[in-house]
Amino acid sequence: MGRGRGSVPRVLGRAFFARPALVVAPELLGCVIEHDSAQGSVAIRLTEVEAYQGELDPASHAFRGPTPRNAVMFGEPGFVYVYFTYGMHFCMNLVCAPPGTASAVLLRAGEVVEGLDVAAGRRGDIPARGLARGPARLTMALGVGRADNGANACDPASDLRIRPRSAAVDVAINAGPRVGVSTGETVPWRFWLDGEPTVSSYRAHARRRRPANPSASPSGHAQGFGA
DNA sequence: CCATAGATGCACT
DNA sequence: GTGCATCTATGGC
């Protein structure tokens, strides 16, 4: 499904990912992640991502060096790092920077542009914009799990691959603090497309037994650059 | 819309 | 044992 007979899907190249996550992340907005499975293909146009800066980044799984779990992050750019969290959710990253540098971009949300029925079968009968609104929801809608850890998204023959933007991004790219992270960093490492209903609403990580922070931006559609 | 609680497996201290 | 790069259900406004 989704490709002409005998043609090969166009994918982003290794060189695109062989740069720091902070550079790659905003350029991924509008690109399309696609997964083939026995149930059919699902494609999602990315509307929200987050950069993780490996050993420089206290919030990164790679902050304390390589482990069996995060090994893929230290490997080839353009490969997929899938992790399991909260006892029930999978989230997926695209690895950035040359091997040895654990830089990666978390895919946080997107718009299902192909395989709507397949995605809905996995996520249930909810408004379409909610199918991939949130990193674990996006992964579920795609049908991605443990088995996809280490897949090469730059391989056109891969079941899990990343396509370039099919159209220019004609809205503002917003930047803000990451979700679930409290490192006190001043650099905004979360990026999203302005006005997208598929962007997950921002919550300043519901810390256990701590009052809500009234100074945090409560909206998923917060201000853009320099605002 | 917003806020909170509970679920639940596992990597790592 | 602790704490998750989270989600859903349920409650209030």
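All chains are named by letter (A, B, ...) in the order of the sequence lines, taking the proteins before the strands, and each is independently numbered beginning at 1.
The cationic atom of A:Arg146 (NZ for Lys, CZ for Arg) lies less than 6.0 Å from the six-membered ring centre of A:Phe84 and within 45° of the ring axis. In this structure, A:Arg19 is positioned above the aromatic face of A:Phe16, its NZ or CZ under 6.0 Å from the six-membered ring centre and within 45° of the axis.
As a whole-Å value, the separation of A:Ile126 CD1 from C:dT8 P is 7 Å. In this structure, the CZ atom of A:Arg122 is 17 Å from the P atom of C:dC7, given to the nearest Å. When rounded to the nearest whole Å, the span between CZ of A:Arg129 and C1' of B:dC1 equals 12 Å. The nearest whole Å value for the distance from the CZ atom in A:Arg178 to the P atom in C:dT6 is 11 Å.
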Notebook entry, point to check: Pairs counted as Watson-Crick or G-U wobble with both distances under 3.5 Å: what dot-bracket string results for DNA chain C, using | for bases tied to another strand?
Noted result: ||||.|||||||.
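For the segment residues 130-141 of chain A, the set of residues with a heavy atom within less than 4.0 Å of an atom of DNA chain C comprises A:Gly134, A:Pro135, A:Ala136, A:Arg137, in numerical order.
Between A:Phe79 and A:Tyr81, the ring centre distance reaches or exceeds 6.0 Å.
A:Arg123 has a side-chain polar atom (N or O) that falls below the 4.0 Å cut-off from OP1 or OP2 of C:dT8.
Under the 4.5 Å side-chain criterion, counting only non-hydrogen atoms from C-beta, A:His35 is not in contact with A:Val42. Residues A:Leu94 and A:Leu28 are in side-chain contact: their nearest non-hydrogen atoms beyond the backbone lie under 4.5 Å apart.
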List every contact pair, protein side and nucleotides 9-13 of chain B side both N or O, where the distance is under 3.5 Å.
from, atom 1, to, atom 2, distance (Å)
B:dG9, O4', A:Gly87, O, 3.4
B:dG9, N3, A:Gly87, N, 3.4
B:dC12, OP1, A:Thr67, OG1, 2.2

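For the residue pair A:Glu48 and A:Ser200, a side-chain donor N or O sits within less than 3.5 Å of a side-chain acceptor on the partner. Side-chain contact, A:Thr198 with A:Arg137: no donor N or O sits under 3.5 Å from an acceptor N or O. Side chain to side chain, A:Ser158 and A:Asn152 fail the donor-acceptor criterion of an N or O pair below 3.5 Å. Between the side chains of A:His61 and A:Tyr52, not a single donor N or O lies within less than 3.5 Å of an accepting N or O.
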Next item on the list: Check step by step if salt bridge (Lys or Arg N to Asp or Glu O under 4.0 Å) holds for A:Glu50 and A:Arg178.
Entry: CA-CA 7 Å; A:Glu50 274 178 1; A:Arg178 293 180 298 190; 5.2 Å; no
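Between the side chain of A:Arg163 and the backbone N or O of A:Ile33 there is no donor-acceptor pair closer than 3.5 Å.
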